[in-house]
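No hydrogens, no waters, no symmetry mates; every other heavy atom, side chains included, goes into these values. Throughout, a chain's letter reflects where its sequence line sits, starting with A, and its residues are numbered from 1.
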There are 2 protein chains.
Amino acid sequence: MWHDAETQEASHNVTSEDFADPAAVRRRRRGTPAPTIYDVARVAGVNPSTVSRALNKPGRINAKTEQRIQEAAKQLDYRINPMARALPTGRANTIGLMLADITNPMFFTIVRGAERAASERGYTLLLAESQESGEREAEGAQRLAPSVDALVLVATRLGDDQIRDLAEWKPLVVVNREVGGVDAIVPEVGPGIDEALAHVAALGHTSVAYVSGPTGSWMNRARWDALLDRAPKLGMTVVEIGPGVPTLEGGRDAVTRVLASGVSAVFAYNDLMAIGLMRQIQSQGIDVPGRLSIIGFDDIFGSDFTSPPLTTVRAPLGLVGEQAVRRALSLIDEDLSVPVAELTEEPLPTELVVRGSTGPPLAIG
Amino acid sequence: MWHDAETQEASHNVTSEDFADPAAVRRRRRGTPAPTIYDVARVAGVNPSTVSRALNKPGRINAKTEQRIQEAAKQLDYRINPMARALPTGRANTIGLMLADITNPMFFTIVRGAERAASERGYTLLLAESQESGEREAEGAQRLAPSVDALVLVATRLGDDQIRDLAEWKPLVVVNREVGGVDAIVPEVGPGIDEALAHVAALGHTSVAYVSGPTGSWMNRARWDALLDRAPKLGMTVVEIGPGVPTLEGGRDAVTRVLASGVSAVFAYNDLMAIGLMRQIQSQGIDVPGRLSIIGFDDIFGSDFTSPPLTTVRAPLGLVGEQAVRRALSLIDEDLSVPVAELTEEPLPTELVVRGSTGPPLAIG
DNA sequence: CCCCGATTGCCAATCGATTGCCAGATTCCT
DNA sequence: AGGAATCTGGCAATCGATTGGCAATCGGGG
């Protein structure tokens, strides 16, 4: 297919005649009031309530009438006003999604899964970002809560009590965290870590470190706990280094302490930290995985771009997002005492993805 | 900071007494009806309308009364019901953001900018994804439109006419595209491309290729046009290869044709394609930038993870998102004939970021 | 002491859709 | 044919907040 300058030219001419000016379009807009069910009712010659029923209680109305109304609606290009509907029903058909940091690639995948699950059921996602600040998050949640049917909190910085308070107010699901009394979607850290430890053990490592993430992060603790529990059973020593911010910088900042610790393999709280760590270490002329094997968590976008590509414990983030929303939807149904759509919640195991950043330790290789 | 098993244990005990079971929390939730201005009015001993005015027309009400109402509101933990407010005012305080593909990292940055600009003014973002499908996008836009005050379309697949139709319906801003008669936020491709061409010319390249993105993409065309216009002036030949999908795969798929074209430097429609191209070429044992220099567009997250890190024409995506929302907000104000908040729209120039994927061509080096 | 204007708060209509209740029309059963 | 059951569609109240118009109150000036 060729670049076609003519097409562009032609289309540009048309536009300049009539609507080259954005202001013109705007002016035109102002006049148009959106049609309501009253308009539809008038055209179809029925009562507004009949229109309402025809449009969302199929069968409740005589087929003939129903069709007449459908046609009137189509003719007027009627679309329902969600806000007006939300008032009597109390349901906005929206789900609030609260993220710690939109730019962290781990969230993209979750958002996509969530969006998919939501739009599948006719729900829309309302987005808010806490920018890793508990205060902003509380504020954001308060702002979001009244306009959504349910909340999904991802990697939240809120305290357990705040979360429970919110949960009493609105259906709520937390992701990557567990809070007593609140529905949670958390990938199983165990399987992936078992695989990963088996992997490094097989390579011959006997001492590993964990570069810790934020103190308040539930998932950080979960990963460390799992490591602490299992590594010794495989005959390995394990130390925690940190805490640090869950970003490239956080990883960079841990380098000195990692090297000083003398370990031959290191787990980082997440891929971002792992990558930051790796790049910083490499910039000091140190070989990865020769001198140090590095393992991340999550398998975010870009974790296979590095060289060596990052070995990581993958979390099924897309599924996590999907399930979080599905669970939220089922909570809404439950609130309405509607038979809960049966939740076939697959387990969410993590798994090791072996790439180039792990290898045998120097002493052996 | 040490891992503290006790803390966890303790907190777990508390929860198990009272709310270990999510169902218990849910049950508790059902009873609570949210307080309304009527409740506040009763407590404060005034008329609901007075409450409304006290809460959002500061000064209209006697200071004494106003304070009494504030206190009543606080006491009841009243928060306004946005849906109920939206009905009479016609404003939902939301902006709809429509993306082609949430998982494309280039959008993350835009989303963050948009979210920031929106929440700054008390607006919330409503998210929809078209998954690169025009049909889904049209549907999504229709679904979104009635519940938002304005729409922002990013890298939309819609036709010009569809966009104009939407624009007559709601304030609308398109990003990374220009449509006659519609407000648009588009980074200036010129400066970055000039820099990039100067860069490759200085390195000694005389022939470049452009690996094209989706046919329907306005930005794809804009970049190609700019290249086509400027390269010859610098004494370089330029060919277009494609079109292709704007992903890693799209880049991989272009490899054969790129190599066959005999060029020594290649621009790709975006970083994703550039990276896909680079990795595929490297996997064939071909050196980058030795045999082929590669340049991307956007400077997405991860484009500096590759080795060599990617030289790319950076677009100020965060600013783009911010400005798109700001413009949308100003359109809303304009519709309301409110004095438009003065828009200090900085220009959005692109700039070359030189990293490792460009170098002198073989013949010279 | 009266009048005037400003201030303050209330009344009631309104936004658009939903829904319980009811009445008239049909159908069905025996 | 009589009566019950079922269909249909209309009426009107309701969700929670906003807002134009009005009435009561108050202070001040003459």
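Between B:L172 and B:L153, the closest side-chain pair of non-hydrogen atoms falls below 4.5 Å.
Note: CZ (A:R60) to P (D:dC7) measures 10 Å, nearest angstrom. The distance between atom NZ of A:K64 and atom P of D:dG9, rounded to the nearest whole Å, is 11 Å. C:dA25 atom C1' lies 14 Å from atom CD1 of A:I61, rounded to whole Å. One can place CD of B:E66 at 15 Å from P of C:dT7, the figure rounded to the nearest angstrom.
Here B:R177 pairs with B:D160 in a salt bridge; the nearest charged N to carboxylate O distance falls below 4.0 Å.
Atom CG of A:L319 sits about 10.5 Å away from atom CZ of A:R116, to the nearest 0.5 Å.
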Notebook entry, point to check: When you check every protein heavy atom under 4.0 Å of nucleotides 11-17 of chain D, what one-letter string (B, S, -) results, 5' to 3'?
Noted result: BB--BBB
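For the pairing with B:V325, the side-chain contact (heavy atoms from CB on, under 4.5 Å) check across B:I95, B:L97, B:I185 returns one residue only, B:I95.
For the pair B:P48 and A:L55, nearest-nucleotide mapping onto DNA chain C gives the more 5' position to B:P48.
Heavy atoms of A:K57 sit under 4.0 angstrom from primed sugar atoms or phosphate atoms, though from no base atom.
Across every non-hydrogen atom of B:Y78 and B:P35, the tightest pair is CD1-O, 3.4 Å.
Other residues, nucleotides and ligands place more than 12 heavy atoms under 6.0 Å from the CD atom of B:Q142.
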